[in-house]
Protein chains: 2
Amino acid sequence: MPKVEAVEALSRLASRSAPRASRAATPDALPLDTILRGDCVAELSRLPAQSVDLVFADPPYNLQLQGELRRPDESRVDAVDDAWDQFESFQAYDAFTRAWLLAVRRVLKPTGSLWVIGSYHNIFRVGSMLQDLDFWILNDIVWRKTNPMPNFRGRRFTNAHETLIWAAREPNAKGYTFNYEAMKAANEDVQMRSDWLFPICSGGERLKDADGHKLHPTQKPEALIARILLAASKPGDVVLDPFLGSGTTAAVAKKLRRHFIGIERDRSYAEAAQARVDATHPLPEAALAPAPSAREAPRVAFASLVERGLVTPGTLLTDARAQVKALVRADGTLSLETAPGLGTVGSIHRAGAAAQGAGACNGWTYWHIETGEGLMPIDRLRAVVRSEMAMAAE
Amino acid sequence: MPKVEAVEALSRLASRSAPRASRAATPDALPLDTILRGDCVAELSRLPAQSVDLVFADPPYNLQLQGELRRPDESRVDAVDDAWDQFESFQAYDAFTRAWLLAVRRVLKPTGSLWVIGSYHNIFRVGSMLQDLDFWILNDIVWRKTNPMPNFRGRRFTNAHETLIWAAREPNAKGYTFNYEAMKAANEDVQMRSDWLFPICSGGERLKDADGHKLHPTQKPEALIARILLAASKPGDVVLDPFLGSGTTAAVAKKLRRHFIGIERDRSYAEAAQARVDATHPLPEAALAPAPSAREAPRVAFASLVERGLVTPGTLLTDARAQVKALVRADGTLSLETAPGLGTVGSIHRAGAAAQGAGACNGWTYWHIETGEGLMPIDRLRAVVRSEMAMAAE
DNA sequence: ATCGCGCGTGAATCGCCAA
DNA sequence: GTTGGCGATTCACGCGCGA
């Protein structure tokens, strides 16, 4: 991946020339479960490379509002018009985006992944930059709001969603975490879709200052962050948020027994986030037991079934209709006894593929063994081995 | 808007240097209800400037598939791998996007608007380019699919949506069509949101070739296009689709009594689209009667109510609670009789605003008149005048 | 204690025309 | 180009208060 290497070189260059504070001239050890106060690019450049499992980022949206907005009853809408959300131009916003994404790439593990949330004002810039920097987009996710603000002037559709992008560090990245089974189980046993429905953050969850005003203009709901962490990280992983704000990511990470690193420039936000984290307690470990994942079950070679005596060499395996036959050899390979593929010797998967003239085949479900009560897929034997292994591990 | 002017200059330059076919060296008259066969940039450059009300575009998604995809049962997924969907790089895709967007901008009326649909593979490029070219994004819309294709590998979330961008020709564009009332009525009388739910195009609606294979890999559902046309155009408007494909936009436009112009490069798609259009018939006009829109109703001055004798000078108007009072003057202005604002003379709106200490007020709904059966908003009297005007117009 | 009502409010690129 | 007048325009949810 020459392009990735070029990007990494740029990233190193950027971090070398970045202004250093007194804290350290070389990357610190990983400051786990800490809120760092400062500019995120500068702070990221002090962290060790390839040390973070998951990044969640809620960057400024660059809203560019003109004038005030009033409701039909003449009350004023308290809009996001903070200085930190103002950029001079798309060019300036792109430069900002490029800088923090490069800094994030450096600290991400090769198996790590990145989530960014935004609206139509900024998300297209972020998505394009991710592609330009050779991140690899895995999904775009839509957060549908149950209770969005209406369009008061009746000139557009109600802006009822925000967009998240989930990306791996680079093309062909292997080993990023996706807890497929847990997501599926959480979605009535069908695959979790790319459109999620959550209320906006309000009520008791919304942090307020002493005067009862909202502490942060864009506090995200914990349920949204929790789904991200449950989908794309494991307990004990390191989760980093370069724009921590009111601290939702840190609080949810602590609750879900992930480590967090938060970066926040604004002192009052950082202090409120710290207080919030201090008041948050991890859930009981039992509540976080990972959902059973077929993918993470120990790999069992068919040969080990032969070794364990569950299948005797010389046995004939068949397909579900008992028309294709294959002989089990002592080394755990099969030898096809029927056309097409007659004489083929190979793994259960290759033999099954050859028997069907297909490019691939899951031999565990294709091949069956004769029992007193009819044909049984050999996958059932694998299940036996796995349960034995689980008992032995305790 | 100097930036817009610069973009328009570029656009003119692009159209001047575009290769010309024999058809014409200067822009033709608008070829209404026609399918043009050819490259969309070349064909667009032959159309008169500022002549189109609405553009719907479903450009190539640049899917960049690597190898084939199979379902768990080994059946092959018939993916979009057509030549027209392949681009060498993001730069090449961006250049393509820039070219057709500039060509579209030239033919769009200043009051026109543009819709583009895409997935995460291309929509970020399109959205960024729209912003770079100084289009003005009005909404991003999510098409949620009721029946998306599952993720067969279990490595990502089910990709269950596509994204549409709705944009005006330039910042501060006035007069783009948005049929707010119709959308609200279609959504159980609450504002239409930015997330829409439709099934993918399948079954009888899906065009098939002689062998029963799907004719076009990305045929869009008519319901999706219909909502767009119903939301953002009027009967008789000109709707243009630069990537017509199987002709959905043309067929829906004909059905909804909009004019269409379709551009399609591929001969077999263009022919199928033409046959489809020929077999499509417009809906009865009554079915397309626009939903009543307060915004478009004829303006009625309060003074005309006085002139017509519906309100007598000297009458006292009150707010809904009968606490604020104002005297109707012979010229149709009001004079406030109560504090705050006591003595203020002005229009029903200014008097209402003064009475409330607000910056603005809709006097038609604020002021009430005493009838035998209680207070009635003066808006009801306006309705009487309007219905008289409608009868007189017939 | 419970229910119903009124009020506040949320990442918003939020009007159009004539003078 | 700017200004000012006319007049059109909101949904879901949480909380507090009073019956």
Side-chain angles (χ1 to χ4, degrees), chain A residues 58-82 84-87 90 117-123 143 145-163 199-206 208 212-214 216-221 243 245, chain B residues 1 111 131 135-140 166-168 171-176 178 180-181 184 187-194 293-297 299-303 332-333 346-353 358-367 378-379 382:
Chain A
D58 184 7
Y61 284 13
N62 190 23
L63 286 189
Q64 310 180 337
L65 301 175
Q66 319 209 1
E68 63 176 16
L69 177 65
R70 288 178 178 274
R71 299 187 176 81
D73 67 0
E74 287 293 318
S75 64
R76 212 174 66 83
V77 174
D78 182 18
V80 177
D81 54 0
D82 306 71
W84 50 256
D85 198 51
Q86 312 287 323
F87 290 81
F90 285 126
I117 186 167
S119 68
Y120 67 85
H121 310 85
N122 72 321
I123 199 67
W143 167 30
K145 303 178 183 183
T146 56
N147 49 347
M149 193 177 348
N151 183 292
F152 296 119
R153 297 293 179 192
R155 300 298 299 156
R156 307 180 177 196
F157 298 95
T158 303
N159 205 346
H161 74 276
E162 296 190 26
T163 301
I200 60 177
C201 180
S202 65
E205 189 184 319
R206 189 86 195 219
K208 304 279 168 51
H213 298 120
K214 60 189 174 193
H216 191 281
T218 70
Q219 185 179 342
K220 295 293 176 291
F243 306 98
Chain B
M1 283 291 114
T111 55
Q131 293 175 319
F135 284 83
W136 190 246
I137 298 179
L138 297 168
N139 276 117
D140 61 333
W166 180 33
N172 304 312
K174 306 286 181 211
Y176 64 86
F178 178 53
Y180 175 77
E181 300 286 348
K184 187 171 174 178
N187 193 43
E188 315 237 311
D189 288 325
V190 293
Q191 290 187 341
M192 186 70 79
R193 300 167 38 115
S194 56
S293 166
R295 205 182 299 278
E296 289 176 10
R299 294 194 153 214
V300 174
F302 180 70
T333 57
S347 71
I348 54 173
H349 312 296
R350 294 194 61 86
C361 165
N362 182 347
W364 290 108
T365 54
Y366 179 75
W367 293 111
I378 58 175
D379 206 26
R382 181 168 62 163

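By convention in this document, chain letters (A, B, ...) are assigned in the order of the sequence lines, proteins followed by strands, and residues within each chain are numbered from 1. Bear in mind the structure is a predicted one, so any value in this text is a computation, not a measurement.
Residue Ile137(B) is classed as a base contact, given a heavy-atom separation below 4.0 Å to a base. When heavy atoms are screened at a 4.0 angstrom cut-off, Ser347(B) is found touching the sugar-phosphate backbone but no base atom. Using a 4.0 Å heavy-atom distance criterion, Glu162(A) is classed as a base contact. Within the 4.0 angstrom heavy-atom criterion, base atoms lie near Glu68(A). In this structure, Ala301(B) reaches neither bases nor backbone, as no heavy-atom distance under 4.0 Å exists between it and the strands shown. Ser119(A) comes within 4.0 angstrom of no nucleic acid atom, judged by non-hydrogen atoms across all strands.
Here, dA11(C) and dA8(D) have their C1' atoms 25 Å apart, quoted to the whole Å.
OP1 or OP2 of dG15(C) has not a single side-chain nitrogen or oxygen of Tyr180(B) nearer than 4.0 Å. In this structure, Arg76(A) does not reach the dG10(C) phosphate: none of its side-chain N or O atoms is under 4.0 Å from OP1 or OP2.
Ranked by how close their nearest DNA chain C nucleotide is to the 5' end, Phe152(A) and Cys201(A) are led by Cys201(A).
Base pairing of dA1(C): no nucleotide in any strand meets the Watson-Crick or G-U wobble criterion (both distances under 3.5 Å). dG15(C): Watson-Crick or G-U partner is dC6(D), with both key distances under 3.5 Å.
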